Amino acid sequence: MTESDKKTSPPKRPRMRMKLSRPTPPKPAEKRKEPEDKQEQDGKRLKTDDASYGPYGGLSPAYGVPAGVDLSGMSPSYGMSPSYGISPAYGASPSKPNPIDLGGVLKASIMQMLKELSPNNYVETNIICVKLSTTLAVALDKLADNKILAMPVVDEEGHYLDIVDNFDVMRFITNSFTDDEILKSKQPSEETQSSVWHELTIKGKTLMSHTVKDLIAKRGSRGDVQVTTLEGTDTVSKLLHVFLKNRTSDGRTFHRLVLLTPERHIRAMVSQSDVLKYLYRHEVNVKAASMQSGKTLKEIGLTKRRVVVVQHNSSILYAFYKMTRFQAHSVAVVKEGKLVRHFSASDLRGFTSTSFPLLLSPILTYSTKKPATTSSDATLWEALQLFAGKKLHRCCIVDSNGIPYSLVSIANILAALMKV
């Protein structure tokens, strides 16, 4: 071995031993620090995310979910459900809810709904119709004899043209009088009642000889807008959309629609009342799916609609004058400020061409049924139950003293239920 080898070889061994003798095992404290950092990050996300939605699948921090909690398998409406995951009523992503279908109820077809409600009375052969040449006298008698409120208008071949209802006839009659004539009949005294009654009888005979064509010409056609292009196989959800989004020229929703065949023959008629009754039959599904159903009318904002008022001794003709003037479908009849009747065109369901002089009668002598009422503290579902049980189209909201101050309708209830 040379002298140079002796000098260089010893340093190599210590360096090799140095590398092998200095392991760096992970510190236990560092392992615990990692999830703490993650929790801090999660906490920041809770603070910076939108107030409506949190970081855990869109759930709001208002639910009180602590950071780091695993929400997989949690169902917002039914509690823990590891096997089913998020409740179908809320969809797969609560932060971006799907269009509400009220627990699957609105997925049924329109014809399925009609068959469920009335298995033997939904087909076209049972629909009462009138023609353009039909006189108003005959039209009123048909409405009264069949205890219905509306009829489609068809041509000689049975093709659909338009639709008329009791309110259209009453408005046509009311618009045929001058304001002075109406005011004279508001509360006719014994001295004037005889002469007014005679004038009314003569004018009534003339009006009843007019045709449905005359009525539509004065009112304006609603034929195209009251026909839905929906098929019978389309869903109730689509039907509701048509009901709630379309408006008449005076801003009202349509109360009924006509389903047509490709040849424009009438296949079925469907109304807002049909949809409401259908939802009432599926109470469990609707109440579980709609967060609105348990809220009060005041919370939802359904207590702000104005109500048209007439005095208890007003004539029926004057009540229709007020409805026509304010484009309302009903009036609240009050005595000393308190509600005693709720009068609408549907109350004249049995009104015929020979009943014309009755328009001079005070409302209370013709309408004897006590009104159904609700309060601002009633829940939306309680209001729906009231409407379905008593077959209402609209209902007055009264205060604790029985004084009416607002009005709620079927359209209001349906629109509120559809809000997520």
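Quantities reported herein were computed from a predicted structural model and do not represent experimental measurements.
Checked by atom type and distance alone, the side chain of Ser406 pairs as donor or acceptor with a backbone atom of Arg305 at under 3.5 Å. No donor-acceptor pair closer than 3.5 Å links the side chain of Ser314 to the backbone N or O of Tyr318. Between the side chain of Lys142 and the main chain of Cys129, a donor-acceptor pair closer than 3.5 Å is present. Side-chain N or O atoms of Ser176 include one that pairs as donor or acceptor with a backbone N or O of Phe172 at under 3.5 Å. Checking side-chain atoms of Lys322 against main-chain N and O of Val309 turns up a donor-acceptor pair under 3.5 Å. Listed for the Tyr278 side chain is a donor-acceptor partner under 3.5 Å among the backbone atoms of Val105.
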Hey, mind stepping through Met269 and Asp274 against side-chain contact (heavy atoms from CB on, under 4.5 Å) and telling me if it holds? CA-CA 10 Å; Met269 278 186 67; Asp274 293 329; over 6 Å; no
Is there a ring pair (Phe, Tyr, Trp, His ring centres under 6.0 Å) between Phe320 and Phe343 once you walk through the steps? CA-CA 9 Å; Phe320 273 108; Phe343 186 76; 5.8 Å; yes
Could you give me the CA-CA distance, side-chain angles and deciding distance for Ser293 and Leu417, then say whether side-chain contact (heavy atoms from CB on, under 4.5 Å) is met? CA-CA 6 Å; Ser293 63; Leu417 276 176; 4.2 Å; yes
Under the side-chain contact (heavy atoms from CB on, under 4.5 Å) rule, what do Val308 and Arg325 come out as? Steps first, then yes or no, please. CA-CA 10 Å; Val308 182; Arg325 182 180 176 186; over 6 Å; no
What's the verdict on side-chain contact (heavy atoms from CB on, under 4.5 Å) for Leu414 and Leu384, showing C-alpha distance, side-chain angles and the deciding distance? CA-CA 9 Å; Leu414 295 178; Leu384 188 148; 5.6 Å; no
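Here the CD1 atom belonging to Ile148 is positioned 9.5 Å from the CG atom belonging to Asn166, to the nearest 0.5 angstrom. With rounding to the nearest 0.5 angstrom, the CG atom of Leu359 is 7.5 Å from the OG1 atom of Thr174. In this structure, His255 NE2 and Phe167 CZ are separated by 8.5 Å, a value rounded to the nearest 0.5 Å. With rounding to the nearest 0.5 Å, the separation of CG in Leu239 from CG in Leu244 is 9.0 Å. The CG atom of Leu279 lies 13.5 Å from the NZ atom of Lys287; values are rounded to the nearest 0.5 Å. Annotation: the span from His159 atom NE2 to Glu263 atom CD amounts to 7.5 Å, rounded to 0.5 Å.
Counting heavy atoms from C-beta outward, Leu259 and Met111 have side chains that approach closer than 4.5 Å. Using a 4.5 Å cut-off on side-chain heavy atoms (C-beta onward), Glu299 and Leu380 make no contact. Using a 4.5 Å heavy-atom threshold, the side chains of Ile266 and Leu260 count as touching. Between Leu392 and Leu386, some side-chain heavy-atom pair lies under the 4.5 Å cut-off. Within the 4.5 Å cutoff, the side chain of Arg341 has no heavy atoms near those of the Asp347 side chain. Using a 4.5 Å heavy-atom cutoff, the side chains of Gln311 and Lys335 are not in contact. A heavy-atom distance below 4.5 Å is found between the side chains of Gln385 and Glu283. Side-chain contact between Ile216 and Val164: present, with at least one pair of heavy atoms (C-beta onward) separated by less than 4.5 Å.
With sequence neighbours excluded, the residues satisfying side chain to side chain contact (heavy atoms under 4.5 Å, CB included) with Thr235 are Ser237, Lys238. Listed by chain and number, the residues in a side chain to side chain contact (heavy atoms under 4.5 Å, CB included) with Ser273 are Ser271, His393, Ile410 (sequence neighbours excluded). With sequence neighbours excluded, no residue satisfies ring pair (Phe, Tyr, Trp, His ring centres under 6.0 Å) with Tyr405. With sequence neighbours excluded, no residue forms a side chain to side chain donor-acceptor pair (under 3.5 Å) with Asp399. Every side chain to side chain contact (heavy atoms under 4.5 Å, CB included) that Asn175 has, sequence neighbours left out, goes to Arg171, Lys218, Thr324. Annotation: side chain to side chain contact (heavy atoms under 4.5 Å, CB included) contacts of Asp145 (sequence neighbours excluded): Asp141.
Of all the heavy atoms in Phe387 and Ser409, the pair that sits closest is CE2-C, 3.9 Å. Shown here for Leu143 and Leu149, the closest heavy-atom pair between the two residues is CD2-C, 3.7 Å. Counting all heavy atoms, side chain and backbone alike, Thr135 lies closest to Ser209 at CG2-O, 4.0 Å. The nearest pair of heavy atoms linking Gly337 to Pro404 is O-CD, 3.6 Å. Heavy atoms only, all atoms of each residue included: Ala319 and Ile363 are closest at CB-CD1, 3.6 Å. Here the shortest heavy-atom pairing between Asp155 and Lys131 reads O-CE, 4.3 Å.
Glu336 CD: 12 or fewer foreign heavy atoms inside a 6.0 Å radius. More than 12 non-hydrogen atoms from other residues, nucleotides or ligands lie less than 6.0 angstrom from NE2 of His282.
Taking 4.0 Å as the cut-off between side-chain N and carboxylate O, Asp165 and Arg256 count as a salt-bridged pair.
Using a 3.5 Å distance cut-off with no hydrogens or angles, the side chains of Gln292 and Ser290 do not pair a donor with an acceptor.
Leu297 pairs with exactly one of Asn412, Ile413, Asp377, Leu302 by the side-chain contact (heavy atoms from CB on, under 4.5 Å) rule, that one being Leu302.
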